[in-house]
Amino acid sequence: MFTFEDLLGVTDVAIREWLGAMDKKTLAVALKGASLDLKNHIFKAMSSRAVDMLKEDMEALGPVRGREVAQAQQEAITVIRKLEAEGRVVLKTEEDDEYVV
């Protein structure tokens with residue numbers, strides 16, 4: 001089962017694709033409950049201006065209920081799974097699996 005924290009293993013290219021498909025408010029709520037490592041992983045795939053704006057949005061939200069965070073994280077997983085189904089991102093590959101170009 002893919003969890004929100006599993007985004008740590010997703011490439012920067014896939015994170016950028018996912019960020020483009022995400023609702024910004026949902027992203028801000030989802031990140032409120034994320035680990036610092038995951039936040040940094042996502043932030044490094046963004047421009048510094050976009051990171052600053054997202055951090056401002058997160059601060060402006062104030063306290064958020066845990067169930068709202070869990071719901072936002074589930075929506076984020078749904079978005080990245082949809083992108084995977086469309087072939088726009090790759091979430092995981094088998095260790096011995098190689099891409100053929």
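Excluded from the calculations below are hydrogen atoms, water molecules and symmetry mates; all remaining heavy atoms, backbone and side chain alike, are included.
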Visitor: Within the structure provided, determine whether Thr11 and Arg16 are in side-chain contact (heavy-atom separation under 4.5 Å).
Guide: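 No. Closest side-chain heavy atoms not under 4.5 Å.
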
Visitor: Are any non-hydrogen side-chain atoms of Ile15 and Leu19 less than 4.5 angstrom apart?
Guide: yes

Visitor: How many angstroms lie between CG in Asp37 and CG in Leu7, if you round to the nearest 0.5 Å?
Guide: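 Output value for this atom pair is 13.0 Å.
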
Visitor: Leu27 and Val29: same hydrophobic cluster, using ILVMFWY side-chain contacts below 4.5 Å?
Guide: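 Not linked; separate clusters.
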
Visitor: Counting distance only, does the side-chain N/O of Gln73 pair as donor-acceptor with the main-chain N or O of Ala30 below 3.5 Å?
Guide: yes

Visitor: Which pair of heavy atoms, one from Phe43 and one from Leu31, lies closest together, and at what distance?
Guide: CE2-CD1, 4.2 Å

Visitor: Any donor and acceptor pair, going by atom type alone, linking the side chain of Lys24 with main-chain N or O of Leu54 inside 3.5 Å?
Guide: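 No, the answer is negative, given that no donor and acceptor are paired below the 3.5 Å cut-off.
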
Visitor: If you take all heavy atoms of Ala34 and Phe4, which pair is closest and at what distance?
Guide: CB-CE2, 3.9 Å

Visitor: Please confirm whether the backbone N or O of Arg49 pairs with a side-chain atom of Asp52, one donor and one acceptor, at under 3.5 Å?
Guide: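 Answer holds: no.
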
Visitor: Could you give the distance from CZ (Arg65) to CD (Gln71), rounded to the nearest 0.5 Å?
Guide: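 Output value for this atom pair is 13.0 Å.
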
Visitor: Determine yes or no for a side-chain-to-main-chain donor-acceptor pair under 3.5 angstrom, with Glu5 supplying the side chain and Ser35 the backbone.
Guide: yes

Visitor: Assigning hydrophobic clusters by single linkage (Ile, Leu, Val, Met, Phe, Trp, Tyr; side-chain heavy-atom cutoff under 4.5 Å), is Leu38 placed with Val79?
Guide: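 Yes, one cluster joins them.
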
Visitor: side-chain contact (heavy atoms from CB on, under 4.5 Å), that's the test. Do Lys25 and Leu61 meet it? Break it down for me.
Guide: CA-CA 9 Å; Lys25 182 175 185 219; Leu61 286 171; 4.1 Å; yes

Visitor: State the CZ-CD1 distance between Phe2 and Ile77, to the nearest 0.5 angstrom.
Guide: 7.0 Å

Visitor: If I take atom NZ from residue Lys44 and atom CG from residue Asn40, how far apart are they, to the nearest 0.5 angstrom?
Guide: 9.5 Å

Visitor: Check whether any side-chain heavy atom of Leu91 sits under 4.5 Å from a side-chain heavy atom of Arg81, and report yes or no.
Guide: yes

Visitor: Treat each ILVMFWY residue as a node, draw an edge where side-chain heavy atoms are under 4.5 Å apart, and state whether Leu8 and Val89 are in one component.
Guide: yes

Visitor: Could you tell me whether a side-chain N or O of Lys32 sits under 3.5 Å from a main-chain N or O of Gly66, the two making a donor and an acceptor?
Guide: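 Side chain of Lys32 to backbone of Gly66, a donor-acceptor pair under 3.5 Å: no, none is there.
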
Visitor: Write down the atom of Asp12, the atom of Ala45, and the distance for their closest heavy-atom approach.
Guide: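 Taking Asp12 first and Ala45 second, the nearest heavy atoms are O-CB, 4.0 Å.
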
Visitor: Hey, are the side chains of Met58 and Lys39 touching, using non-hydrogen atoms and a 4.5 Å cut-off?
Guide: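 Side-chain contact under 4.5 Å: yes.
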
Visitor: Could you go through Glu59 and Lys55, starting from their C-alpha distance and side-chain angles, then the distance that decides it, and tell me whether this counts as salt bridge (charged side-chain N to carboxylate O under 4.0 Å, His left out)?
Guide: CA-CA 6 Å; Glu59 288 175 24; Lys55 285 180 178 180; over 6 Å; no

Visitor: What is the minimum heavy-atom distance between Val10 and His41, and which atoms define it?
Guide: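 That would be O-NE2, 2.7 Å.
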
